[in-house]
Protein chains: 2
Amino acid sequence: MDERTRAKYEARVRIIKAMAHPTRLFLVSELSRGERCVCELTQMVGADVSTVSKHLALLKSVGIVQDRKEGSQVFYSLRCPCILEFSDCVESVLRATAEEQLALAE
Amino acid sequence: MDERTRAKYEARVRIIKAMAHPTRLFLVSELSRGERCVCELTQMVGADVSTVSKHLALLKSVGIVQDRKEGSQVFYSLRCPCILEFSDCVESVLRATAEEQLALAE
DNA sequence: TCAGCATTTGCAATTATAGCCAAATCGCCA
DNA sequence: TGGCGATTTGGCTATAATTGCAAATGCTGA
């Protein structure tokens with residue numbers, strides 16, 4: 001794998017890695033319903049505000065979400081609605097595995 | 001986020017995490033072209049065999065790939081062709097970011 | 001200007017990952 | 001059976017990620 005190829009995969013990996021955390025995946029799925037402010041998200045997640053803020057900053061840094069300030073609040077929203085396709089793939093892997101396990105159990 | 005919800009996201013995260021590594025993303029994309037044995041993949045990646053073997057084992061453990069032994073060789077293949085949809089989403093985030101950067105530069 | 005909420009940033013400790021080398025397995029064939 | 005090539009596993013070290021607390025920043029309304 002040459003330098004150029006590796007760089008290409010690393011760019012994609014940054015985005016995938018951003019989704020590879022339970023809290024961030026939850027945030028993304030919550031944002032797929034619509035804009036939310038940090039305080040709302042923090043309450044839903046149930047972790048420290050600073051932790052949630054950092055997760056959101058990471059998602060933003062790779063371009064998955066965008067933010068909008070309104071007064072002292074910050075509203076985050078999805079920048080790409082494609083997350084659904086993304087999830088579909090994950091779901092189908094999960095389903096395939098579950099079906100296989102079921103078959104083995106019989 | 002209650003226990004049950006968290007467990008749901010963790011199951012999905014295991015799959016996403018498996019893709020969140022340059023070498024593994026490369027392996028998956030290479031396997032999307034067809035079955036390959038460990039020795040071929042090792043050569044393409046250019047890392048230690050043991051390293052590649054561990055990456056493949058991880059991909060297998062979450063159900064993304066499957067293996068088939070033939071003599072002393074092991075052939076890996078994709079278990080879910082959906083990786084393409086997965087990539088499409090990643091690509092569109094990349095593209096959106098690139099376009100935005102371009103617009104800012106003008 | 002000051003107090004007060006919302007959010008981000010700096011810091012330090014804990015935990016998880018990745019990589020290589022060496023050693024163990026496994027199947028094949030002389 | 002013994003050796004050989006292919007692959008996996010164990011062990012160890014180095015690096016990266018995650019988290020909460022405390023402090024800093026920003027905005028708003030009195």
[X] [atom1] to [Y] [atom2] distance, which is reported to the nearest 0.5 Å:
X	Y	atom1	atom2	value
A:D48	A:S53	CG	OG	10.0 Å
B:H21	B:M19	NE2	CE	13.5 Å
A:D67	A:K69	CG	NZ	4.5 Å
A:L78	A:I64	CG	CD1	8.0 Å
B:R36	B:T42	CZ	OG1	13.0 Å
B:K60	B:Q66	NZ	CD	9.5 Å

Q. Thinking salt bridges, do A:R14 and A:E10 make one under a 4.0 Å N-O criterion?
A. no

Q) Going 5' to 3' along nucleotides 24-29 of chain D, which nucleotides have protein heavy atoms under 4.0 Å from the base (write B), which only from the sugar-phosphate (write S), and which from neither (write -)? A) --BSS-

Q. Does anyone know the first and last nucleotide of DNA chain C in reach of chain A, 5' to 3', at under 4.0 angstrom to a heavy atom?
A. C:dA6 to C:dC11

Q: Search all heavy atoms of B:K17 against all heavy atoms of B:R24 and return the closest pair with its distance.
A: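 Closest heavy-atom pair between B:K17 and B:R24: O-NH2, 3.3 Å.
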
Q: Compare every heavy atom of A:V62 with every heavy atom of A:A18, then report the nearest pair and how far apart it is.
A: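 Result for this residue pair: CB-CG2, 3.6 Å.
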
(Q) My understanding is that only residues two or more places apart in sequence, or in another chain, count here; which of them pass ring-ring contact (aromatic ring centres under 6.0 Å, His included) with A:Y9? (A)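 Counting only residues at least two positions away or on another chain, A:Y9 forms a ring-ring contact (aromatic ring centres under 6.0 Å, His included) with B:F26.
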
Q: Scan residues 50-65 of chain B against DNA chain D and write down, sorted by residue number, each residue with any heavy atom closer than 4.0 Å; if none is found, say none.
A: B:S50, B:S53, B:K54

(Q) Tell me which residues in residues 2-12 of chain A lie within less than 4.0 Å of DNA chain D, going by non-hydrogen atoms. (A) none

Q: Count the heavy atoms belonging to other residues, nucleotides or ligands that lie under 6.0 Å from CD of A:E40, then report whether that count exceeds 12.
A: yes

Starting at [atom1] of [X] and ending at [atom2] of [N], how long is that distance when rounded to a whole Å?
X	N	atom1	atom2	result
A:R14	D:dA16	CZ	C1'	15 Å
B:L27	D:dT7	CG	C1'	15 Å
B:R68	D:dT8	CZ	P	14 Å

Q: Would you check if there is a donor-acceptor pair between the side chains of A:R79 and B:T97 at a distance under 3.5 Å?
A: yes

Q: Mind checking A:Y76 for me? I need base, sugar-phosphate or nothing, with any heavy atom below 4.0 Å counting as a touch.
A: sugar-phosphate

Q | Verify same cluster id: A:V90, B:L58 (apolar side-chain graph, 4.5 Å) | A | no

Q: Look at the side-chain heavy atoms of Ile, Leu, Val, Met, Phe, Trp and Tyr, link any pair under 4.5 Å apart, and say whether A:V38 and A:F75 land in one connected group.
A: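 Per the 4.5 Å side-chain linkage, A:V38 and A:F75 are not co-clustered.
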
Q. Near DNA chain C, which residues from residues 28-38 of chain A have a heavy atom under 4.0 Å away?
A.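 Correct list: A:C37, A:V38.
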
Q) Of B:L56, B:L27, B:V52, B:V28, which meets side-chain contact (heavy atoms from CB on, under 4.5 Å) against B:Y76? A)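 The option that passes is B:L56.
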
